[in-house]
Number of protein chains: 4
Amino acid sequence: MTTAHPADTGRRHHGNRHGRSESARIAVLEAADDLLVEHGFAGVTIEGIAAKAGVAKQTIYRWWESRTDILFDALTQDASEFFTVPDTGDLGADLRARLRELATFLTATDAGAVVRALAGQAQHDPVVATRFRSEFVMTQRDLDRQPFRHAAARGELASLDTELAIDQLAGPVYYRVLITGQPVTPAYTDALVDYFLCWPAVS
Amino acid sequence: MTTAHPADTGRRHHGNRHGRSESARIAVLEAADDLLVEHGFAGVTIEGIAAKAGVAKQTIYRWWESRTDILFDALTQDASEFFTVPDTGDLGADLRARLRELATFLTATDAGAVVRALAGQAQHDPVVATRFRSEFVMTQRDLDRQPFRHAAARGELASLDTELAIDQLAGPVYYRVLITGQPVTPAYTDALVDYFLCWPAVS
Amino acid sequence: MTTAHPADTGRRHHGNRHGRSESARIAVLEAADDLLVEHGFAGVTIEGIAAKAGVAKQTIYRWWESRTDILFDALTQDASEFFTVPDTGDLGADLRARLRELATFLTATDAGAVVRALAGQAQHDPVVATRFRSEFVMTQRDLDRQPFRHAAARGELASLDTELAIDQLAGPVYYRVLITGQPVTPAYTDALVDYFLCWPAVS
Amino acid sequence: MTTAHPADTGRRHHGNRHGRSESARIAVLEAADDLLVEHGFAGVTIEGIAAKAGVAKQTIYRWWESRTDILFDALTQDASEFFTVPDTGDLGADLRARLRELATFLTATDAGAVVRALAGQAQHDPVVATRFRSEFVMTQRDLDRQPFRHAAARGELASLDTELAIDQLAGPVYYRVLITGQPVTPAYTDALVDYFLCWPAVS
DNA sequence: ATTTAATCGAGACGGTACGTCGAGTCTTGTC
DNA sequence: GACAAGACTCGACGTACCGTCTCGATTAAAT
């Protein structure tokens, strides 16, 4: 889409009758991302984004509804190619890989910072919450379900409440990231998976 | 004018050298609580609190650093007597009671709404995050530990990583409350405990 | 809401790239003038002006530095067409006309009230004092000089310290207006001129 | 009055049933004076005076009605012994001495700064204006009248409108001090007197 | 010697206005 | 018709003083 339009290749156009400026769109998303990482969510202001992106406020308001709307866009942009779908033929291995990836994403990437900010804002604004769930959470849970689907396809897992299982595996990860702030190491996520695959809790 | 005031329990003093007005303090905390429940976190403004509490802005700034500071105070006030420490002599029963109580608190009480708002704000502000953890999370985890302590005192639980166990039990609850928004029913928390006490996940 | 506005002459614009809103400017100046006349200088607050003019505070701060700045603007607006330059061919007649006009201006016009307020504020603030002198006092003294210039052009007044003369004529007027508060009647100003043109003071 | 009370000699008392603390009174007047000279009239705040004088705000409000009230007190204290009443037996000499003294007082003394501030405030507040006239202006005009009284007693001055004369002599001085800001040198005041005693203005 | 009452310092109180920041809307001239 | 620019109204911010109000300590006259 970027290269499709002549006005977006090379020099930046200052308005034309052919639709929105792709360069402006990208500048806004990057500016929002940068501001979030540098100054936190409070630093993500429409005016700040406009100034940093060299874009008029009106252009932002024309295409986005709010700053969270921008962050959702930035997230879609950034998160789309991060995740893989492991398929090793072993449920445990797949789950371990999945949780490691999730933990890395949430704690060590710029997109993860966006997710945390949006998760925070979701606590304040039901509209954000709804979109956050339908856009991010659902996608993630779909990824969470893959290992179980693969296992089922292999004939394992006669019966299992997959949704509960995902809560049990992903829940502690989000809990540590958002609530306790403790690190989520590979050792930790591996332990979660090991435990889930039924090592005895009580001796 | 004195009796017209919401916070007017007894005679209201208007400042003296012995420190703050207790009635003003309570009026502020209640106003903040009310605004949060009625209009969400964005509706919790210092001016709004001052107006609703019939208090001068300066009085708020004198005693609190920010609106989150007020909410922490309100939380301390409200949450202190909510929780019980179940001790039935059975680990499973204690854990089930504990998780039910936690879920109810987070989803069905005004103080729970404050917690969710603070958890949200913690994602935006490291200072809030730190205080949230030291003030709320630590207390909660202490309550989470009680069932295990009782069990250990009874000689059960030869060996167990209690901290991991808490993550596994509380994590999914917070995850559903803050992230997926799905209800956390007694049946759900009971299932978490049952699973944790090692019903087989894989047939 | 648009038509409800006092300053709504024609269609009111709400900002554009070509600079300030003339209607807002006029509304501010009039509001400041009105507040000064009605409630005195203490009643001239930025918030009061903004409210009365139906203008945002920020708009005021964008174009004016202080309330005295506004009053200087209002004065320029109002005082510009008040004064005439008498030229009767007779020094005494010219001076009498000039002093009468000055006295009327200072004591009986809204712009005169502004001058008195600014003269007052000039005693408190050197910046105001400087501007007051360069903007108002200089202009007035120029008007004061006219009769003498005309006389000189006619060949009268072989030698005279004009500046001293102006002090002697205008000084008592300002002195009565600002200090003693006594009325400055035509009879009084005429007497000043008569005396100045050398009737004997001592018998 | 200062030495009259035992509690005011030496250490400062902290309240008793015999009336006000003289030391507090003096500290307030001095603090007000200092603040005026150092930071201008805007710097003369009740809180500032209280802090600088080491006095409670209530003590100020108990004995004074406003900050101008304090300045009037300070003025009375300071101005009382400044002026002399010249009596050389010569009207011109007396007037010259009087005007020189007036000019010095207004431009070169702390009390003169107070007078200028009060004159300024008198333009904003009719109550201040009234008090300023009855307390300061009247006293000054009385001093202005002395040379003429002495001359009349000597049999000079068969007929003269003394009030007009004072306006003509003092007016230009106040005019320069308050309005034009030009210096008022002995040469200048001497010229005023010389001219008044009827040197020809027009050749 | 104790009580009593006026004044002191301190400082918290409800307010008003300050000057600033950002939100979201509107308009204009350019491309 | 979208763009950069930027003026507009509006709401909230955090601060400074205002004038009012207790309070406990201080103090000397009256008991």
Side-chain angles (χ1 to χ4, degrees), chain A residues 7 11-21 23-24 42 45-48 50 53-63 65-67, chain B residues 1 5 11-21 23-24 42 45-48 50 53-63 65-67, chain C residues 1 5 11-21 23-24 42 45-48 50 54-63 65-67, chain D residues 5-7 11-21 23-24 42 45-48 50-51 53-63 65-67:
Chain A
R11 100 195 134 82
R12 189 153 173 186
H13 79 114
H14 283 257
N16 60 46
R17 54 186 312 183
H18 310 294
R20 71 189 291 187
S21 159
S23 58
T45 66
I46 299 289
E47 299 218 323
V55 144
K57 278 167 68 180
Q58 187 56 46
T59 299
I60 297 180
Y61 283 108
R62 188 167 10 244
W63 301 110
E65 291 200 329
S66 62
R67 55 181 184 169
Chain B
M1 198 193 258
H5 205 279
R11 196 161 61 89
R12 187 162 190 178
H13 81 113
H14 288 262
N16 59 52
R17 70 174 307 182
H18 307 293
R20 64 196 296 185
S21 160
S23 56
T45 64
I46 301 289
E47 297 218 324
V55 144
K57 277 166 67 180
Q58 188 56 51
T59 298
I60 298 180
Y61 283 108
R62 185 163 17 238
W63 300 112
E65 290 200 331
S66 63
R67 52 184 186 166
Chain C
M1 200 192 257
H5 203 277
R11 199 162 59 89
R12 184 162 193 180
H13 82 113
H14 286 264
N16 59 51
R17 68 176 308 182
H18 306 295
R20 64 196 297 185
S21 160
S23 56
T45 65
I46 301 289
E47 298 220 323
V55 144
K57 277 166 67 179
Q58 188 56 52
T59 297
I60 298 181
Y61 283 108
R62 185 166 14 243
W63 300 112
E65 290 201 330
S66 63
R67 53 183 186 168
Chain D
H5 204 283
R11 97 198 135 82
R12 190 153 173 186
H13 79 116
H14 283 257
N16 60 50
R17 58 181 307 184
H18 310 294
R20 69 192 293 187
S21 159
S23 57
T45 64
I46 300 288
E47 299 219 325
V55 144
K57 279 168 67 179
Q58 187 56 43
T59 300
I60 297 179
Y61 282 108
R62 190 172 4 248
W63 301 110
E65 291 199 329
S66 63
R67 55 182 185 170

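Each chain gets a letter, A, B and so on, in the order its sequence line appears, and its residues count up from 1.
- Looking at which nucleotide of DNA chain E each of D:W63 and A:R67 is closest to, the 5′-most match is held by D:W63.
- Distance from the side chain of B:R62 is smallest for E:dC13 among the nucleotides E:dC13, E:dG9, F:dA4.
- Within the structure, every side-chain polar atom (N or O) of A:T59 is placed at least 4.0 Å from both OP1 and OP2 of F:dA2.
- When rounded to the nearest whole Å, the span between CD1 of B:I60 and C1' of E:dG14 equals 12 Å.
- Contact record, B:V55 with B:I60: CG1-CG1, 3.9 Å, taken as the closest heavy-atom pair.
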Pairs under 3.5 angstrom, nitrogen or oxygen only, protein versus nucleotides 20-22 of chain E, please.
| residue | atom | partner | partner atom | Å |
| --- | --- | --- | --- | --- |
| E:dC21 | N4 | C:Q58 | OE1 | 3.4 |

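- We find that CD of B:E65 is positioned 11 Å from P of F:dT15, with the value rounded to whole Å.
- Taking the side chain of A:A56 as heavy atoms from C-beta on, and the options E:dT7, F:dC8, F:dA4, the nearest nucleotide is F:dA4.
- For the side chain to side chain contact (heavy atoms under 4.5 Å, CB included) test, residues two or more places apart in sequence or in another chain that qualify with C:Q58 are C:Y61, C:R62.
- Under the rule for a salt bridge (Lys or Arg N to Asp or Glu O under 4.0 Å), the partners of A:E47 that lie at least two apart in sequence or sit in another chain are A:K57.
- Residues C:A50 and C:A56 approach most closely at CB-C, 4.3 Å, considering heavy atoms.
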